[in-house]
Each structure stands twice: as structure tokens, then as C-alpha cells.
There are 2 protein chains.
Amino acid sequence: MSDFHSYQNPALTTDLVVFGYQGKTLSVLLLNRKSEPFKNGWTLPGAFVGLQETFSEACRRILASKLGLPSIYLEQLYTFDGPQRDPRGRVVSVAYFALVSQGKLNAVAGQMANDVRWFPVNEIPELGFDHRLIFDTALERLRAKIRYQPVGFELLDEKFTMPELQDLYESILGFPIDRRNFRRKLLDVGFVQPTGDKTEGLQHRPADYYTFNKQLHPQHFHLNL
Amino acid sequence: MSDFHSYQNPALTTDLVVFGYQGKTLSVLLLNRKSEPFKNGWTLPGAFVGLQETFSEACRRILASKLGLPSIYLEQLYTFDGPQRDPRGRVVSVAYFALVSQGKLNAVAGQMANDVRWFPVNEIPELGFDHRLIFDTALERLRAKIRYQPVGFELLDEKFTMPELQDLYESILGFPIDRRNFRRKLLDVGFVQPTGDKTEGLQHRPADYYTFNKQLHPQHFHLNL
DNA sequence: CCAAAAGTGTTTGCTTTACACCCATGT
DNA sequence: ACATGGGTGTAAAGCAAACACTTTTGG
């Protein structure tokens with residue numbers, strides 16, 4: 001990383017937009033930088049990618065080291081190659097976005113590196129490089145994608161209730177949805193299946209648990225919410 | 001390109017999937033290679049990208065040299081980084097897809113390099129590298145995109161008739177559409193505007209000409225065809 | 001028995017689909 | 001006048017949206 005400009009090809013990095021959903025809030029993982037450029041500022045987690053590594057492998061490596069989470073949902077987002085995006089020189093970033101569920105997150109809570117923090121998507125601080133653009137692109141993609149692919153489940157536990165799922169959809173999409181219509185639509189499409197058990201210990205009527213139907217063809221189906 | 005492996009970063013290329021629509025057929029531009037690897041085989045046009053150039057600039061350069069077409073619709077598709085995708089070593093390709101209209105194509109017909117040819121999308125020969133995968137990805141993207149963004153117009157002339165537009169949609173989507181419903185939907189959404197003039201010299205009733213409504217917000221709107 | 005949140009059906013309006021006849025032009 | 005392909009409206013069905021009351025639990 002020192003003799004940056006001696007390479008004949010642009011340097012390659014990957015940057016990660018990791019979304020998590022906790023306490024009815026959609027959040028993103030940010031990294032507090034310890035070195036220049038943008039020292040002490042916030043950026044997306046990322047890393048240089050070497051000759052022997054694919055971008056998704058590099059992402060897994062970052063996820064494992066920062067979160068102890070090697071296996072979560074990961075998808076290529078876009079490649080950013082503005083010539084001025086990195087003050088050190090020409091760096092091309094292949095950005096990915098990842099979704100992490102509450103359950104997986106709790107299971108490894110202690111392993112999270114202490115220079116990373118979750119920020120609600122409405123309270124993102126100023127970001128270094130072009131990471132604000134990358135973040136915006138990722139959020140837009142997530143919002144579009146949740147309408148026609150079952151990615152919401154990646155942000156919840158294996159078992160979840162309809163109100164939980166609906167809260168998630170509402171916080172991602174940003175508008176309220178009718179409870180009865182929401183439930184009917186998801187069941188009609190075959191997204192979810194009842195497990196048979198219910199919540200317990202709450203001071204009100206228990207909610208039925210559902211799971212995501214993994215038999216479903218991974219095709220597009222519009223939810224029209 | 002000779003001391004390929006001496007770089008410390010993977011080499012970067014861009015590959016282009018250029019779609020054209022001629023004679024009611026959607027076609028793709030392929031290049032007949034004059035050198036190894038895949039000598040005399042067909043591939044997508046592409047080029048190495050240097051330190052001083054962005055990917056989209058490299059695409060424009062290829063489009064200009066192969067087609068004499070510097071300004072056509074261009075969009076980043078996906079980044080392909082399989083470690084074995086190029087037999088020469090580690091090469092990462094940021095693929096783009098482009099759409100070229102009949103009119104622009106005719107205007108520069110003579111300038112097309114003689115090692116490139118149009119192939120109907122149903123008659124693609126075997127392709128070198130991972131270009132079959134890139135092509136499939138591009139066609140899938142175009143099919144999805146035409147349903148909610150006005151990209152079809154990029155493949156037609158400035159002025160076009162409803163039957164022309166419908167033929168285009170049918171050849172991209174691969175199924176027939178009701179003539180009356182198609183017309184009504186496009187007019188309702190505000191995609192197109194009548195110009196007032198009509199076709200001439202045909203042996204049947206003239207068709208009204210329309211243009212794409214460029215005032216339309218570039219947002220998503222589902223056509224639900 | 002009260003508070004809190006979850007479960008459940010029906011009606012209305014809108015969007016989508018299906019469908020057939022007349023019209024303008026050139027020969 | 002005929003052959004060719006383009007233009008137009010309506011009715012039926014399916015889908016989405018709006019809406020309120022009953023149920024289960026814990027305190």
C-alpha cells in the first residue's frame with residue numbers, strides 16, 4: 001500500500017455495505033479508520049484485493065474478521081471507478097452488500113471488532129471516499145429488491161412472526177402497510193409457512209411463528225405492496 | 001499485455017454487450033479474434049483499461065473504434081472476476097451493455113470494423129472466455145429493465161410507430177402482446193407522445209408516429225405487460 | 001376485568017385482460 | 001374493389017385497497 005503508484009493496473013478494493021435490522025431499525029455497519037486518509041473518520045469496511053482472491057472471498061474475509069460472520073447473504077452491488085474517489089491514487093472498488101440476521105449477530109456479538117459500529121440508516125455520519133454514494137446505491141437496491149425477492153428473511157431469525165416481518169418491510173420501504181393485506185399477500189405468494197408454534201410470555205395474544213419457504217423458486221414475483 | 005503476470009494487481013478489462021434491433025430481430029455485436037487466446041473464435045468486444053481511464057471511457061473508445069458510435073446508451077452490467085475466466089491469468093472484467101438505434105447505426109454503417117458482426121440473440125455461436133455468461137446476464141438485465149424503464153427507445157429511431165415499438169417489446173420479451181392494450185398502457189403512463197405525422201408510401205393504412213417523452217421522470221414505473 | 005397486540009373476511013374500486021370491427025392507403 | 005396492416009372501445013375478471021371487530025395472553 002506504500003508504493004501505490006508503481007502498479008501498472010489500478011488497485012482493486014472491495015467495500016461492503018452490511019445491513020442489519022435490530023430493534024425495528026435498519027442499520028449499517030461503519031468502520032472508524034485508524035489511519036490516513038480519513039483518519040478517525042467513518043467509512044464502509046473494505047479491503048484491498050490481491051491476485052489470488054476473488055472479490056466475494058475478500059468480502060467473506062472482512063466479514064469474518066470484523067464480525068465473526070463468515071456466512072451471510074452477500075451480493076455484488078456495483079463497481080465504482082471515479083478517478084478521484086481515493087486521494088491516494090487510482091483505486092477501483094467493487095462494492096458488495098450483505099444482510100445479517102439478528103440471530104447470527106447475537107450469536108457472535110462479542111467478536112465484533114471495536115472499531116466498527118452500527119448506524120441507523122437515517123443517522124449516517126459523513127463518510128470518507130465516495131462511500132456515501134456507495135451506501136445510497138445499496139439502500140436503493142435493497143428497497144427495490146425486497147419488493148420482488150425474498151431477501152427480507154436474511155435480516156430476521158429463522159423463525160419470525162408476521163408483525164416482525166411487517167415491521168421490517170415498513171422500515172425498509174418507509175411507509176405503513178395494512179396488516180391484513182400484508183399477511184394475505186405473503187401467504188398467497190407462498191413466501192412463508194406457519195411453523196405451528198407461537199410466541200410466549202408476552203402480555204397479549206401470542207403471535208404465530210413462520211419460516212421462509214425455501215422451496216420457492218428463486219424467481220421474481222412482485223409483492224405490489 | 002506481454003508481461004501479464006508481473007503486475008501486482010489483477011489486470012482490468014471491460015467487455016461490451018452491444019444490442020441492436022434490426023429487421024424485427026434483436027442482435028448482439030460480436031468480435032472475431034485475430035490473436036490468441038480464442039484466435040478465430042467469437043467474443044464480446046472488450047479492451048484493457050489503463051490507469052488513466054474509467055471503464056465507461058474505455059467502452060466509449062471501443063464503441064467509437066468498432067462502430068463509429070461514440071454516444072449511445074451505456075450502462076454498467078456486472079463485474080466478472082472468476083479466477084479462471086482468462087487463460088492468460090487473473091483478469092477482472094467490468095462488463096457494460098449498450099443499446100444502439102437503427103438510425104444511428106445506419107448513419108455510420110460504413111465505419112463498422114470488418115472483424116465485427118451482428119448475431120441474432122437466438123443464434124449466438126460459442127464464445128470465448130466467460131462471455132456466454134456475460135451475454136446471458138446482459139440479456140436477462142435488458143428483459144427485466146424494459147419492463148420498468150424506457151430503454152426500448154434507445155433501440156429505435158427518434159420517431160417510431162406503435163407497431164414498431166410493440167414488435168421490439170415482443171422480440172425482447174419473447175411473447176405476444178395485445179395491440180390495443182399495449183398502446184393504451186404506453187400512452188397512459190406517458191411514455192410516448194404523438195408527433196402528428198404518419199408513415200407514407202405503404203400499401204395500407206398509415207401508422208402514427210410517436211416520440212419518447214423525455215420530460216418523464218426517470219423513475220421506475222411498471223408496465224405490467 | 002383490563003390493557004395490549006394479534007388474528008381474521010368482506011366489500012369496493014381499479015387494473016388488467018380478452019376480444020372484433022372499421023379505416024386509410026396503394027395497387 | 002381488394003388486400004394489407006393500423007386504429008379504436010367495451011365488457012368481464014382478477015387483483016389490490018380499505019376497513020372494524022373478535023381473540024388470546026399477562027397482570
Side-chain angles (χ1 to χ4, degrees), chain A residues 21 23-25 102 144 146-148 152 156-157 159-171 173-211 219-225, chain B residues 21 23-25 146-148 152 156-157 159-171 173-211 219-225:
Chain A
Y21 178 71
K24 304 200 177 188
T25 304
Q102 301 179 315
I146 201 173
R147 286 166 168 268
Y148 60 87
L156 293 174
D157 295 347
K159 288 187 346 186
F160 50 85
T161 66
M162 276 292 177
E164 282 166 4
L165 186 60
Q166 180 171 350
D167 280 340
L168 169 64
Y169 270 73
E170 289 179 343
S171 37
L173 293 176
F175 54 82
I177 306 170
D178 182 273
R179 202 144 43 97
R180 291 159 284 192
N181 294 340
F182 180 80
R183 173 187 301 269
R184 177 159 7 105
K185 212 165 292 188
L186 291 196
L187 288 169
D188 285 355
V189 175
F191 257 51
V192 297
Q193 290 172 310
T195 64
D197 49 346
K198 303 169 184 299
T199 53
E200 286 174 22
L202 294 168
Q203 189 171 337
H204 57 77
R205 177 167 180 175
D208 299 342
Y209 275 122
Y210 293 85
T211 57
Q219 306 297 24
H220 294 204
F221 26 54
H222 272 273
L223 271 190
N224 274 356
L225 287 174
Chain B
Y21 178 72
K24 303 200 178 189
T25 304
I146 201 173
R147 286 168 167 266
Y148 61 87
L156 294 174
D157 294 347
K159 288 187 346 185
F160 49 85
T161 66
M162 277 291 177
E164 282 166 4
L165 186 59
Q166 180 171 349
D167 281 340
L168 170 65
Y169 270 73
E170 289 180 343
S171 38
L173 293 174
F175 54 81
I177 306 170
D178 182 273
R179 202 145 46 96
R180 289 161 285 192
N181 295 340
F182 179 80
R183 173 188 299 268
R184 177 159 6 106
K185 212 165 293 186
L186 291 196
L187 288 169
D188 284 357
V189 176
F191 258 51
V192 296
Q193 290 174 311
T195 63
D197 50 347
K198 303 169 186 296
T199 53
E200 285 174 22
L202 293 168
Q203 188 171 338
H204 56 77
R205 177 168 179 173
D208 299 342
Y209 276 121
Y210 294 85
T211 56
Q219 305 298 24
H220 294 205
F221 25 53
H222 273 273
L223 270 191
N224 275 356
L225 286 174

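Note on naming: letters A, B, ... go to the chains in the order of the sequence lines (proteins, then strands), and numbering restarts at 1 for each one.
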- Message: Please report the distance, rounded to the nearest Å, between CG in B:D208 and P in C:dC23.
- Response: 16 Å

- Looking only at heavy atoms, the pair that brings A:Q102 and A:G23 closest together is NE2-N, 4.1 Å

- Which atom pair, heavy atoms only, marks the closest approach of B:D178 to B:N181? OD1-N, 3.0 Å

- Query: What is the distance from atom OH of B:Y209 to atom OG1 of B:T161, rounded to the nearest 0.5 Å?
  - Reply: 7.0 Å

- Item | Positions of residues 183-191 of chain A (non-hydrogen atom under 4.0 Å from DNA chain C), listed by number | A:R183, A:R184

- Query: If only side-chain N and O atoms of A:N181 are considered, is one of them under 4.0 Å from the OP1 or OP2 phosphate oxygen of D:dA16?
  - Reply: no

- Considering only D:dT22, C:dT25, D:dG6, which nucleotide approaches the side chain of B:P206 most closely? C:dT25

- d(A:L225 CG, A:F175 CZ) to nearest 0.5 Å is 6.0 Å

- Query: Does the base of C:dA6 carry an N or O that pairs as donor and acceptor with the side chain of A:R180 under 3.5 Å?
  - Reply: no

- Message: Judged by each residue's nearest nucleotide on DNA chain D, which is more toward the 5′ side, B:A207 or A:L225?
- Response: B:A207

- Query: When rounded to the nearest 0.5 angstrom, what distance separates OH in B:Y169 from NZ in B:K185?
  - Reply: 11.5 Å

- Report the distance from atom NE2 of A:H204 to atom C1' of C:dA5, rounded to the nearest whole Å. 5 Å

- When all nucleic acid strands are considered with a 4.0 Å heavy-atom cut-off, which category describes B:D178: base, sugar-phosphate, or nothing? base

- Message: Rounded to the nearest 0.5 Å, what separates atom OG1 in B:T211 from atom NZ in B:K159?
- Response: 9.5 Å

- Message: Heavy-atom nearest nucleotide on DNA chain D for B:Q203 versus B:Y209: which residue maps closer to 5'?
- Response: B:Q203

- Quick one: does B:R179 reach the base of D:dG7 with a side-chain donor-acceptor pair under 3.5 Å? yes

